[in-house]
Number of protein chains: 2
Amino acid sequence: MRPARRLTLTDDVYESVRALIMDHAVAPGERVNIDALARQLQVSPTPVREALARLESDGLVRKRPLAGYTAAPLLTRAEFEELVEMRLVLETAAARRCATRTAAREGADGVDVAALRREADLPGPTADSGYAGIAAFTARDARFHNLLAEFSGNRMLHEAVVRLRPHLHLFRLHFPTTHHDTSAREHHRVVDAVAAGDPDGADAAMRAHLLAARERHLPYFTEEG
Amino acid sequence: MRPARRLTLTDDVYESVRALIMDHAVAPGERVNIDALARQLQVSPTPVREALARLESDGLVRKRPLAGYTAAPLLTRAEFEELVEMRLVLETAAARRCATRTAAREGADGVDVAALRREADLPGPTADSGYAGIAAFTARDARFHNLLAEFSGNRMLHEAVVRLRPHLHLFRLHFPTTHHDTSAREHHRVVDAVAAGDPDGADAAMRAHLLAARERHLPYFTEEG
DNA sequence: CGCCGCGAAATCCTATAGGATTCGTTCCGG
DNA sequence: CCGGAACGAATCCTATAGGATTTCGCGGCG
């Protein structure tokens with residue numbers, strides 16, 4: 001619960017609280033008690049407040065003045081659709097850029113296709129289908145998409161993609177959906193196009209992947225948000 | 001310097017410090033002294049620290065552990081190009097969506113073409129060409145692009161566009177470039193396409209505008225960053 | 001002349017305390 | 001039985017103090 005301190009307590013607390021939320025140790029929408037957190041982490045409320053302020057900018061918690069913080073609520077159906085659209089805009093652009101850079105044969109900090117290929121695989125069906133399995137699946141998936149965004153060479157694009165992750169992550173934890181083989185196949189198609197230096201192909205493959213993932217998640221929305 | 005307090009000092013300080021940076025009251029890269037800021041704003045360092053933590057997530061300041069905060073440095077040439085690319089990705093998507101929504105005749109919270117048209121105009125050449133003129137120009141320009149992103153109907157897209165603004169704003173303040181009439185004409189072409197419900201046209205018009213704006217800014221980069 | 005190390009001052013970071021506000025419960029009236 | 005007001009407890013917010021670390025100037029050495 002309290003890892004070896006980095007340099008400032010605030011940074012440690014930030015990571016700890018972020019982990020708590022990402023692991024659903026605090027449920028979406030649940031109130032976040034500052035003093036309780038401070039006691040739990042064995043620090044004073046001051047660095048906790050600072051960490052929460054940063055997490056608010058990250059969209060992981062919401063603040064109501066004079067009434068404390070609450071964990072970010074789960075995505076509504078409409079917000080989920082917005083998220084998909086954002087991913088379509090950002091990640092197809094990233095895939096496209098990766099392919100372009102591969103074609104240009106950029107050295108040094110260019111696209112490491114081998115690394116992408118490694119992360120494209122996902123934990124197989126043999127893996128645990130419980131919480132641990134879900135966590136492993138989504139973590140691996142996150143690494144792939146993160147790596148692709150990083151290899152786009154555009155740091156702002158990378159950051160934008162990273163910013164979207166937590167919401168998707170929380171959603172997946174709440175509605176476990178793992179289609180290992182299918183997702184992995186789609187990932188590999190993206191890598192294929194990137195390796196071939198085919199921007200249009202990479203764009204199309206990523207678009208297909210994101211739309212397919214959307215379909216896989218959709219059943220979890222019933223009537224309400 | 002100290003507006004009527006909202007509800008918490010932290011929020012007020014956040015706005016104040018943000019304004020200081022956006023007005024170049026603290027130069028890019030300059031160190032931000034927490035105690036000095038607290039004295040200047042007549043508050044204790046505690047809410048100042050909290051505000052700075054949020055501003056760090058916003059990318060307006062950078063933190064070095066145990067060594068305080070510094071105002072975000074000016075964009076390098078490479079980062080400027082990244083910014084342009086991000087705007088191309090995000091804002092053409094926003095323009096496209098606006099046109100689609102207009103064509104779909106969405107009522108209520110749909111696209112307010114008239115409002116867009118109003119903001120498309122920019123302070124004319126008669127205006128002050130000094131700091132105040134630049135500030136007025138960039139503020140109006142920001143409102144237009146902000147409104148378009150808002151009318152896209154995708155809040156995440158809107159937020160992403162808003163996140164890019166400060167960097168562009170600071171850059172413009174440092175290298176004053178106002179081409180009122182040209183920019184305004186380009187804005188109106190975007191509005192025309194949106195009003196006509198022409199997604200491809202809106203995309204193209206926005207792309208042309210952003211690329212033209214890039215060209216207008218480019219001369220300010222010489223050899224270094 | 002330049003580089004390195006030392007010491008004092010400035011600055012940052014965390015803990016704690018107290019005033020202000022909100023939340024939950026209880027009690028009362030309808 | 002239900003709605004609303006009032007009281008107490010919990011919680012938040014800000015200020016302040018002190019320990020820890022960095023920064024900067026200065027003197028000594030190469």
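Residue numbers start from 1 in every chain, and the chains themselves are labelled A, B, ... in the order their sequence lines are given, proteins ahead of strands.
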Starting at [atom1] of [X] and ending at [atom2] of [N], how long is that distance when rounded to a whole Å?
X     : N      : atom1 : atom2 : result
A:N33 : D:dC12 : CG    : C1'   : 9 Å
A:Y69 : D:dC12 : OH    : P     : 10 Å
A:D12 : C:dC13 : CG    : P     : 13 Å
A:D11 : C:dC13 : CG    : C1'   : 11 Å
A:Q42 : C:dA15 : CD    : C1'   : 14 Å
B:L37 : C:dA10 : CG    : P     : 18 Å
B:E50 : C:dC13 : CD    : C1'   : 14 Å
B:I34 : D:dT22 : CD1   : P     : 15 Å

Sequence-distant partners of B:H169, side chain to side chain contact (heavy atoms under 4.5 Å, CB included), two or more places apart: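 Per chain and number, B:H169 pairs via side chain to side chain contact (heavy atoms under 4.5 Å, CB included) with B:M22, B:T138, B:L173.
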Apply side chain to side chain contact (heavy atoms under 4.5 Å, CB included) to A:R163 and list each qualifying residue two or more places apart in sequence or on a separate chain.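 A:D58, B:R163.
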Does A:V13 reach a base, just sugar-phosphate, or nothing at all? Heavy atoms under 4.0 Å.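 The answer is nothing, as A:V13 stays clear of every strand by at least 4.0 Å.
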For residues 44-54 of chain A, which side-chain N or O atoms pair as donor and acceptor with protein atoms under 3.5 Å away, sequence neighbours left out?
| unit_1 | atom_1 | unit_2 | atom_2 | d |
| --- | --- | --- | --- | --- |
| A:S44 | OG | A:T46 | N | 3.4 |
| A:R49 | NE | B:E50 | OE1 | 3.1 |
| A:R49 | NH2 | B:E50 | OE2 | 3.2 |
| A:E50 | OE1 | B:R49 | NE | 3.1 |
| A:E50 | OE2 | B:R49 | NH2 | 3.2 |
| A:R54 | NH1 | A:D11 | OD1 | 2.9 |

Is the shortest side-chain N to carboxylate O distance from B:E85 to A:R97 below 4.0 Å?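 Result for this pair is yes, salt bridge flagged.
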Assess whether atom CZ of A:R62 is packed by more than 12 heavy atoms of other residues, nucleotides or ligands within 6.0 Å.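 Result for CZ/A:R62: open.
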Which nucleotide in [options] has an atom nearest any side-chain atom of [X]:
X     : options                : value
A:K63 : C:dC13, D:dC13, C:dC23 : D:dC13
A:A67 : C:dC12, D:dT14, C:dC23 : C:dC23
A:D35 : D:dC12, D:dT14, C:dC13 : D:dC12
B:L66 : C:dA15, D:dT14, C:dC13 : C:dC13
B:T8  : C:dA15, D:dC12, D:dC13 : D:dC13
B:R64 : D:dT11, D:dT23, D:dA15 : D:dT23

If each of A:P65 and A:S44 is mapped to the nucleotide of DNA chain C with the nearest heavy atom, which maps nearer the 5' terminus, i.e. the 5' end?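 Going by which nucleotide is closer to the 5' end, it is A:S44.
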Within the pair [X] and [N], is there a side-chain N or O less than 4.0 Å away from OP1 or OP2?
X     : N      : result
B:R39 : C:dT11 : no
B:T10 : D:dT14 : yes
A:R49 : D:dC12 : no

Taking side-chain hydrogen bond (donor to acceptor under 3.5 Å, both in side chains) as the definition, give me every residue that meets it alongside B:E81, ordered by chain and number, with sequence neighbours left out.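 B:E81: side-chain hydrogen bond (donor to acceptor under 3.5 Å, both in side chains) contacts with B:R77, B:R214.
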For A:R216, give me all partners under side-chain hydrogen bond (donor to acceptor under 3.5 Å, both in side chains), at least two apart in sequence or on another chain.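 For A:R216, the residues satisfying side-chain hydrogen bond (donor to acceptor under 3.5 Å, both in side chains) (neighbours in sequence not counted) are A:S183, A:E186.
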Give the minimum heavy-atom separation between A:F171 and A:H217, together with the two atoms involved.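 Closest approach of A:F171 to A:H217: CE2-ND1, 3.7 Å.
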Tell whether B:T46 reaches the base of D:dT16 with its side chain through a donor-acceptor pair below 3.5 angstrom.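 Looking at the base of D:dT16, it does pair with a donor or acceptor on the side chain of B:T46 (distance under 3.5 Å).
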On DNA chain D, nearest-nucleotide positions of B:R31 versus B:P47: which is more 5'?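 Final value for this comparison: B:P47.
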For DNA chain C, stems built from three or more consecutive Watson-Crick or G-U wobble pairs below 3.5 Å: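 Counting only runs of 3 or more consecutive pairs, the stems involving DNA chain C are C:1-30 with D:1-30.
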